[in-house]
Amino acid sequence: MVPNVVLVTGVSRFVGAHLAGRLAENPAVGRVLGVDSERPRRELSRRMGRAEFVRADIRNPLIARIISEAAVDTVVHASSNTDEMPVARAAMKEMNVLGTMRLLAACQESPHVRKLVVKSTSAVYGASSRDPAVFDEEMAPKDLPSSGYAKDAVEVEGYVRGFGRRRPDVAVTLLRFTDLIGPRIDSVLTRYFSLPLVPTVFGHDARLQLLHPEDALAVLRRAALEELPGVFNVGADGVLMLGQAIRRAGRVPVPIPGTMVSPLAGFFRGTNLASLSAEQMRFLNFGRVVDTAKLRDRFGFAPRWTTQQAFDDFVHGRELRPVIDPEMVEGAEREINRTITRLR
Amino acid sequence: MADARVIPLHPEDDGGGRAESGSSSRWAGDARAAASGAPGSARERPAGSGEAGSEEDGAGEGGAGNEGGGEGLDWHETLADLTAFARRRLLGQYRVDEFGFDRELTERFFLPLLRTVYDNWFRVEAVGLHNVPHDSGALVVANHSGTLPWDALMTTVALHDYHPTGRQLRMLGADVVFGTPLVGALARKTGQTLACNPDAERLLRGGEVVGVWPEGFKGIGKPFRDRYKLQRFGRGGFVSAAMRSGVPIVPCSIVGAEEIYPKIGDIRPLARLLGLPYFPVTPFFPHLGPLGTVPLPSKWYIEFGEPIDTAEHGPEAAEDPMVVFNLSDQVRETIQETIYRLLAQRRTVFFG
């Protein structure tokens, strides 16, 4: 079932804008409406093609009118749970939780809506030392995330489940994405890896599972165009250790004792250098890996980039100037080997 | 039920004993086939040659993974190899699996260190390694003792260096391990993961050899006077994990680890303060400080028993508490009996 009218939220951000553009490229799709409370930046609005931008706040009753008057049949909620921009915590919660509630209320009211796709995050699984190494869709976290966007995501998912019960005729696809990393996306994680000296938690090395934005867009596009209800983990294959990723980016890890992390994070919060929440620091302690078997088997999608490839694409695409130059290291190795051969 | 077969301790008899055993386990065939070939039986170290095994021997014989340390290579190649290793670590050019297991670091760095202890300090004799399948999943269940988990580390070396196909033991650890700085990160890098059913089943289904110490802290932290008395085996979660994954359970009995730190006391307030399960007092710790943390050089025996098939009950039996508890008891009794037999054969603690 190819949708006739698609509404995409959060088009002033990377994922929303690109998704609207991709959907608009499909001639079978009648109209693509992109909604956000602020105008997308120039380079993003260029990506949107024939998709129409509607300046509206999803917390405003106006959204219900747009959905019913335009006879929207597919809603892609891509604005929730974004950690792309360092915004004030209260405003983010307002956007995430209250915005989602309003949007779902509007969807519930409109008889035209047939499909709902929600972009969630694997952060709903939390991150602790008492969790299994790999989460599948059925698992619940040991400690419910108590703060930050992870908590929002848990609440948002709760409302989405409620919506699914009230409107069983709507196909609901809930996608739990791992952190996106790529050359053009800007997020807390990309800024973190761009620091020359990267703070880490002393004595811990997190397992990172990432996702290339192209794969994320392909999954969202497919979810919007086809009918694939259910909850799916979306993450790339393979794992990078945090320390390993930092070295691959040519950065220098600076381990900070666990007790010092919170005060330091508080000190740097709001500066553009590094704004890591307690939640994110906990993630950097233990990391998180999700099982993507259901994505492959039921959703029918295999990510094209592995975690390592996505990360390397980010490093090369950003042209990060390495603090530790790989060529210097390789040169030193060649030099040693040459000396050895000479000695022989 | 009582398959607790007596496995001869000496490798000379070992081949014969195996050939006769009409085992019902499905890899008995290939275990026997490999044992008849030179590498399998040759690795089984002759009894009493403890001191003879030098570090180089261990490295040379160790599985396919550690090409670097053999005696055949000259120092030039070793040095070139080392610089390449250093470069890969410095630039992050290595791979870890989804559990965070860093095979290269484990084989190149941690195992050689442990091998030295295995060969020269505890002079471990491992027997019955053919009971661990060559290339499929299995759950190794062992007794826990010794205040610090040296027994787990030595079992890892035994399986990696002396098993015919060099199996990497993937151990299940308590959550306190993974919450502790340095220790937790180290545990993940060396292939351990949290003792929980999802992780255990994922590893077992992936064909890994998983090691579990079901006594937990009750076993490793028990007082010296209770040595070699198996503690309770908990809720039998390990049995249901093996049943659901359809893999056999290999009972593993470790003798020698009880004497490395004779725990004669426990400072509970200090343990609570530090968030530890216990704070041991041994004849040398804590009053001799760091010196007291050196384990006593007892002579060790690690015996892998006949695999106990769990597939015959079917995966749905994992929900049947009676079957689970019976199997759990069977494993426990097998280990306990083997320990008593090994103890009866041991003449002295330090010389075996």
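Given the structure is predicted, the values throughout are model-derived calculations rather than measurements.
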* To do: To the nearest 0.5 Å, tell me how far A:E333 CD sits from B:L82 CG.
  => 11.0 Å
* To do: Starting from the C-alpha separation in whole Å, work towards a yes-or-no answer on side chain to side chain contact (heavy atoms under 4.5 Å, CB included) for A:D131 and B:L194.
  => CA-CA 8 Å; A:D131 284 316; B:L194 185 71; 5.7 Å; no
* Structure fact -> Greatest number of non-hydrogen atom pairs under 4.5 angstrom with chain B, of A:H204, A:Q244, A:R248, falls to A:Q244
* Taking B:R89, B:R87, B:R95 one by one, which has the highest count of heavy-atom pairs under 4.5 Å against chain A? -> B:R87
* Asked: Between B:T193, B:L182, B:L91, which residue shows the highest count of heavy-atom pairs closer than 4.5 Å to chain A?
  -> B:L91
* Asked: What distance do A:D291 atom CG and B:E98 atom CD have between them, rounded to the nearest 0.5 Å?
  -> 7.5 Å
* **Heavy-atom pair of closest approach, residues B:F178 and A:F286** => O-CE2, 3.4 Å
* Of the backbone (N, CA, C, O) and the side chain (C-beta and beyond), which part of A:F135 lies under 4.5 Å from a heavy atom of chain B, both, or neither? -> neither
* If you round to the nearest 0.5 Å, how far is CG of B:L79 from CD1 of A:I340? -> 4.0 Å
* With a 4.5 Å limit on heavy-atom distance, are the side chains of A:V239 and B:F99 in contact? -> no
* Asked: Less than 4.0 Å between a side-chain N and a carboxylate O, is that true for A:D205 and B:K189?
  -> yes
* Asked: Should we say atom NZ of B:K218 is surrounded by more than 12 heavy atoms from elsewhere, each under 6.0 Å from it?
  -> no
* With a 4.5 angstrom heavy-atom cut-off, which part of B:A84 approaches chain A: side chain, backbone, both or neither? -> both
* Just give me the residue among A:P257, A:A332, A:P326 that pairs up with chain B most often, heavy atom to heavy atom, under 4.5 Å. => A:P326
* Asked: In terms of heavy-atom contacts, does CZ of A:F202 have more than 12 from other residues, nucleotides or ligands at under 6.0 Å?
  -> no
* Asked: When rounded to the nearest 0.5 angstrom, what distance separates CZ in A:R207 from CZ in B:R188?
  -> 4.5 Å
* Where does B:D102 contact chain A at under 4.5 Å (heavy atoms): side chain, backbone, both or neither? -> neither
* Over 12 foreign heavy atoms within 6.0 Å of CZ, A:R296 -> yes
* State whether the number of non-hydrogen atoms from other residues, nucleotides or ligands found under 6.0 Å of B:E316 atom CD is greater than 12. => yes
* To do: Would you mind checking which part of A:V289 comes under 4.5 Å of any heavy atom in chain B, side chain (CB onward), backbone (N, CA, C, O), both or neither?
  => side chain
* Would you mind telling me which of A:Q308, A:Q209, A:M139 has the largest number of heavy-atom pairs within less than 4.5 Å of chain B? => A:Q308
* Please report the closest heavy-atom contact between A:P132 and B:D199, naming both atoms and the distance. => CB-OD1, 3.3 Å
* To do: Kindly check if the number of other-residue, nucleotide or ligand heavy atoms within 6.0 Å of CZ (A:R338) is above 12?
  => yes
